Structure formats: C-alpha cells, structure tokens
2 protein chains.
Amino acid sequence: MTDIINRPDASDGDEREARKEAVRQGIELLFFAYRDFTAEPDAILAEYGFGRAHHRVVHFVGRHPHMTVGELLGILRITKQSLNRVLGQLVRQGFIMQQRGAQDRRQRLLLLTERGRELEERLSAPQRARVGAAYKKAGAAAVEGFRKVLLGIIADEDDRRRFAPPRPPRR
Amino acid sequence: MTDIINRPDASDGDEREARKEAVRQGIELLFFAYRDFTAEPDAILAEYGFGRAHHRVVHFVGRHPHMTVGELLGILRITKQSLNRVLGQLVRQGFIMQQRGAQDRRQRLLLLTERGRELEERLSAPQRARVGAAYKKAGAAAVEGFRKVLLGIIADEDDRRRFAPPRPPRR
DNA sequence: CCGGATAAGTCAATATGACTGACATAATTA
DNA sequence: TAATTATGTCAGTCATATTGACTTATCCGG
C-alpha cells in the first residue's frame with residue numbers, strides 16, 4: 001500500500017527524502033502552473049476594469065446556471081460583502097442576470113446574459129487552450145493522474161463530488 | 001444531421017464536446033485544489049501578520065538559498081516595489097538574511113535564518129501533508145501524470161527547466 | 001578611467017480583493 | 001406570530017499589487 005516505487009537498494013532515509021523532495025516539487029509546480037494559468041485571463045479582465053474575482057464569478061455562473069448567491073459564496077469561500085461588490089458590478093454592467101427563485105422567492109438565481117457568455121468565452125479561451133494543449137501533449141493516462149492527484153488535494157467532500165468522471169459510463 | 005441519440009462510438013462532434021468538458025473540469029479542479037492548498041498556510045501566516053506573499057518568498061528562498069532579489073522577482077512576476085515591502089518585513093523581523101554577492105557586490109543574496117527555516121517548516125507542513133497524502137492515495141503513475149500536465153501548463157521554458165525528474169538516474 | 005547599464009532600494013499615489021462588524025429587508029418555516 | 005434564512009448594504013481596514021520617478025552602489029566596455 002505504501003510502496004510508491006520499487007527500489008531494492010535504497011535505504012528508508014533516502015526513500016523518505018526523495019519522497020519529500022518530490023512533494024516539494026509538486027507544491028512548486030502548482031504555484032507555477034497556477035501563476036501562468038491565470039496570467040492571460042487577467043490581461044483580458046484589465047480591459048474591462050475587472051479583476052480575477054470577476055472571472056471566478058463568471059466562470060461558476062456559466063458552468064452552473066441558476067445557482068444561488070449562497071452556493072456561489074460557498075464555492076468561492078469569500079464573504080458576501082466581498083462577493084457583492086464584484087457581483088454587483090457584473091449585474092449592473094449587464095454580464096449577469098438575477099432571477100427570483102420559484103420555490104424560494106428570497107433566492108436570486110444567477111445567469112449569464114449574452115454579454116456574459118461572450119465574456120466567459122473570451123476569458124476561458126486562453127485557459128482552455130493552455131490546459132487543452134497540456135492534456136494533449138501529456139496524454140490520456142497523464143490526465144487521469146492529474147485529475148486523481150488534484151481531487152486528492154481538494155479538502156471538501158462536497159467539492160470533490162462536483163467532479164464526476166469526465167465520461168460517465170451511460171448504462 | 002448529427003444523430004445525438006443511439007451511438008455506440010461517438011462522432012467527432014461529441015468527441016470534441018467531451019474533450020472541451022474535460023478541459024473545463026480541469027480548469028475548475030485547478031481552482032479548487034489551489035484554493036484548498038493555500039488555505040492552511042494562510043491561517044498560520046495570519047498569526048505573524050503576514051500574507052501569502054510572505055509565504056512565497058520564504059518558500060523560494062528556502063528552496064534556492066543564495067538566490068538574488070532579481071531572480072526572486074523573475075519567479076514571482078511582481079514588481080520590486082511589491083516585493084520590497086514583503087521582503088523588507090521578513091528581513092527586519094529576522095526571517096531572512098542578505099549577503100553581499102562575492103563576484104557581484106551589488107547583489108543581495110537571500111538566505112533563511114534559523115527563524116526563517118522554522119517558519120518555512122511550519123508553513124509547508126500542511127501543504128506537504130496535503131500533497132503527500134494525495135500522492136500516496138493516487139499512486140506513482142498518477143503523480144507522473146500530474147507532473148506532466150502541470151509542466152505542460154507552465155508557459156516559460158526556463159521555469160519548466162526547474163523541474164528535473166524527481167529521481168534523476170545517478171550514474 | 002569614464003560613462004552607461006545593472007542590481008537594489010525607496011517614495012508616493014492608486015486599485016483590487018479580501019476582511020470584520022453592524023444592520024436592513026423580504027421570505028420561509030416552525 | 002416569531003425565529004431563521006437569503007440577500008444586500010454601509011463603513012472601515014488591511015494586504016497585495018500596480019505605475020512612475022528617483023537614488024545609490026557597483027560593474028563593465030570602450
């Protein structure tokens with residue numbers, strides 16, 4: 001269960017050190033990848049006078065239409081005061097619409113407008129290109145590993161549940 | 001006339017859609033993983049009145065002792081004014097030492113003090129635990145895939161070069 | 001050896017994204 | 001009806017980042 005690698009001639013100390021170094025490299029890889037992964041959308045956002053927070057809102061509302069403000073707060077893990085400035089700008093400038101909830105009329109269900117979809121498309125394009133190219137280059141097996149490790153890093157069980165296998169076997 | 005319904009082997013259109021969805025999931029996975037990956041150190045940093053920027057500096061100086069200020073700026077991709085506030089605090093509070101460069105005396109080579117090493121250890125412990133557990137759970141093949149994909153996401157060739165294979169064949 | 005380039009540091013002003021705390025409103029639910 | 005919940009808002013603060021201008025010390029090429 002613990003055998004990461006089968007090495008007959010390494011001592012436990014070396015083994016542990018090598019593993020520790022591998023983990024530290026993983027940490028650093030995450031930093032670099034995230035840094036570059038956000039750089040291109042950030043440049044586009046600047047045109048609109050928006051920041052990374054706006055991207056996150058547009059992304060999640062795009063992927064989960066009719067989500068509530070509370071759900072969005074739970075995903076982003078920020079306060080409603082922080083969200084409100086960003087969300088308010090997006091609503092006032094016509095990127096996001098709010099609909100009264102049908103069952104619970106206190107809820108404001110969030111939706112992208114046409115303009116919002118265009119923005120989402122522009123912002124995600126460089127990220128999709130970057131990640132898509134990395135996927136293609138690394139191959140399907142590597143992508144499976146990438147997903148597995150990232151899922152292991154995510155703390156919250158509910159958040160992990162968002163990620164069903166990419167192609168669930170139908171029937 | 002693309003028949004959506006009854007198809008054992010997917011058409012190109014479906015194939016493309018599935019791939020696009022897989023890439024979008026990857027983007028989201030990166031967001032969630034990075035969010036959780038930074039949450040625990042952030043709480044520790046708050047005890048010191050520090051922020052994430054201090055963590056990054058302590059991390060890179062710890063991993064690359066005697067690095068110059070310019071190298072650090074290149075890695076972090078921030079302005080020297082931004083770095084200076086953070087670095088200055090760390091130096092003044094005894095977490096980082098600066099040594100004059102031997103060849104080039106304009107350089108201030110950066111080093112962790114004992115206190116700095118302790119801080120680095122505290123900050124990295126939860127990250128190492130989280131990433132280490134994810135590695136262990138996912139297995140060696142998955143880790144290889146994780147590394148491959150993240151390397152593909154990193155834009156800069158010089159940055160990619162930092163990541164030699166975790167166990168280079170000695171001899 | 002002089003002058004330009006480079007490494008580092010600094011001052012000032014500004015923007016963004018986050019926080020805490022307090023409070024308001026409307027709607028749901030017990 | 002009363003408590004709770006979903007959302008929104010006002011006010012103040014902090015950390016991180018920016019641009020732009022400038023200084024000091026040092027290096028290096030002509």
Side-chain angles (χ1 to χ4, degrees), chain A residues 31 34-35 38-39 41-61 66-93 96-111, chain B residues 31 34-35 38-39 41-59 61 66-93 96-111 123:
Chain A
F31 165 77
Y34 200 79
R35 182 198 66 182
T38 50
D42 283 355
I44 297 169
L45 288 157
E47 293 175 27
Y48 296 78
F50 290 159
R52 205 174 286 178
H54 301 81
H55 185 182
R56 294 198 280 255
V57 169
V58 166
H59 170 90
F60 283 107
V61 172
H66 297 96
M67 79 190 310
T68 67
V69 173
E71 284 165 354
L72 189 52
L73 285 173
I75 286 176
L76 299 178
R77 300 267 172 93
I78 58 175
T79 59
K80 78 185 152 172
Q81 295 91 325
S82 295
L83 175 59
N84 220 258
R85 182 181 51 86
V86 170
L87 184 56
Q89 287 177 309
L90 289 168
V91 169
R92 281 193 299 277
Q93 295 179 38
I96 286 183
M97 288 187 302
Q98 291 173 308
Q99 280 181 358
R100 273 274 153 100
Q103 301 87 355
D104 186 336
R105 286 171 43 77
R106 291 172 305 180
Q107 296 177 336
R108 305 297 150 87
L109 308 182
L110 303 173
L111 285 166
Chain B
F31 165 77
Y34 199 79
R35 182 198 66 182
T38 50
D42 283 355
I44 297 169
L45 289 157
E47 294 175 27
Y48 297 78
F50 290 159
R52 204 173 287 178
H54 300 83
H55 186 182
R56 294 197 282 253
V57 169
V58 165
H59 170 90
V61 172
H66 297 97
M67 78 189 310
T68 67
V69 173
E71 284 164 354
L72 190 51
L73 284 173
I75 286 176
L76 298 178
R77 302 268 172 92
I78 57 175
T79 59
K80 79 184 151 173
Q81 294 92 323
S82 293
L83 176 58
N84 220 257
R85 179 184 51 88
V86 170
L87 184 56
Q89 287 176 309
L90 289 167
V91 169
R92 281 192 299 276
Q93 296 179 37
I96 286 183
M97 289 186 303
Q98 291 174 307
Q99 279 180 0
R100 272 276 152 99
Q103 300 88 354
D104 187 336
R105 287 170 42 77
R106 290 171 304 180
Q107 297 177 335
R108 305 296 150 87
L109 308 182
L110 303 173
L111 285 166
L123 292 173

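All values derive from a computational prediction rather than experimental measurement.
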A.B. asks: Base, sugar-phosphate alone, or nothing: which one does B:Arg85 contact when heavy atoms must sit under 4.0 Å apart?
C.D. replies: base
A.B. asks: Taking all non-hydrogen atoms of both residues into account, name the closest pair between B:Ile75 and A:Arg35 and its distance.
C.D. replies: O-NH1, 2.6 Å
A.B. asks: Any base atoms under 4.0 Å from B:Glu71, or only sugar-phosphate, or nothing? Heavy atoms, all strands.
C.D. replies: nothing
A.B. asks: Within the pair B:His54 and D:dA15, is there a side-chain N or O less than 4.0 Å away from OP1 or OP2?
C.D. replies: no
A.B. asks: Find the distance A:Gln98:CD to D:dT9:C1' and express it as a whole number of Å.
C.D. replies: 14 Å
A.B. asks: If you compare all heavy atoms of A:Arg100 against all heavy atoms of A:Arg105, which two are closest, and at what distance to 0.1 Å?
C.D. replies: CD-O, 3.0 Å
A.B. asks: How close do A:Phe31 and B:Leu76 get, heavy atom to heavy atom, and via which atoms?
C.D. replies: CZ-CD2, 4.1 Å
A.B. asks: Taking only side-chain nitrogens and oxygens of B:Gln103, does any of them come within less than 4.0 Å of OP1 or OP2 of D:dC27?
C.D. replies: no
A.B. asks: Can you check the B:Gln107 CD to D:dT26 C1' distance for me, whole Å?
C.D. replies: 10 Å
A.B. asks: In whole angstrom, give the distance that lies between atom CG of B:Leu45 and atom P of C:dA18.
C.D. replies: 17 Å
A.B. asks: Check every strand shown and say whether A:Gln89 touches a base, only sugar-phosphate, or nothing at a heavy-atom separation below 4.0 Å.
C.D. replies: nothing
A.B. asks: Look at the side-chain N and O atoms of B:Arg77 and state whether any lies under 4.0 Å from the OP1 or OP2 oxygen of D:dA17.
C.D. replies: no
A.B. asks: Search all heavy atoms of B:Leu87 against all heavy atoms of B:Ile96 and return the closest pair with its distance.
C.D. replies: CD1-CD1, 4.0 Å
A.B. asks: Tell me: NZ of B:Lys80 to C1' of D:dA17, nearest whole Å?
C.D. replies: 16 Å
A.B. asks: Name the nucleic acid region contacted by A:Gly101, choosing base, sugar-phosphate or nothing; use a 4.0 angstrom heavy-atom cut-off, strictly under.
C.D. replies: nothing
A.B. asks: State which of C:dA18, D:dT9, C:dA8 makes the closest approach to the side chain of A:Ile78.
C.D. replies: C:dA18
A.B. asks: Check the distance between C:dT16's P and A:Leu76's CG and give it to me in whole angstrom.
C.D. replies: 18 Å
A.B. asks: Taking the side chain of A:Leu87 as its heavy atoms from C-beta onward, which of C:dA8, D:dG8, D:dA25 lies nearest to it?
C.D. replies: D:dG8
A.B. asks: As a test of reading the structure: which of C:dG17, C:dA27, D:dT16 is closest to the side chain of B:Ala53, going by heavy atoms?
C.D. replies: D:dT16
A.B. asks: I need the CG-P distance between B:Leu83 and D:dT18, as an integer number of Å.
C.D. replies: 10 Å
A.B. asks: Looking at D:dT18, I'd like to know if its phosphate oxygens (OP1 or OP2) sit under 4.0 Å from a side-chain N or O belonging to B:Thr79.
C.D. replies: yes
A.B. asks: So if I take every side-chain heavy atom of A:Ser82 and compare against D:dC27, D:dA6, C:dA18, which nucleotide ends up nearest?
C.D. replies: C:dA18
A.B. asks: Does A:Gln81 get its side chain close enough to the base of C:dG21, under 3.5 Å, for a donor-acceptor pair?
C.D. replies: yes
A.B. asks: Using whole Å, what does the distance between atom C1' of nucleotide C:dA8 and atom CG of B:Asp104 come to?
C.D. replies: 11 Å
A.B. asks: Phosphate oxygens OP1/OP2 of D:dA17: is one of them under 4.0 Å from a side-chain N or O of B:Arg56?
C.D. replies: yes
A.B. asks: Which is more 5' along DNA chain C, the nucleotide nearest A:Arg52 or the one nearest B:Asn84? Just name the residue.
C.D. replies: B:Asn84
A.B. asks: Taking atom types as they are modelled, would you say the side chain of A:Arg106 forms a donor-acceptor pair with the base of D:dT5 within the 3.5 Å cutoff?
C.D. replies: yes
A.B. asks: Between B:His59 and B:His55, what is the ring plane arrangement, given parallel below 30°, perpendicular above 60°, and tilted in between?
C.D. replies: perpendicular
A.B. asks: Roughly, in whole Å, what's the span from CZ in B:Phe50 to C1' in D:dC14?
C.D. replies: 15 Å
A.B. asks: Might you point out which heavy atoms bring A:Val57 and A:Leu90 nearest each other, and give the distance in Å?
C.D. replies: CG1-CD1, 3.6 Å
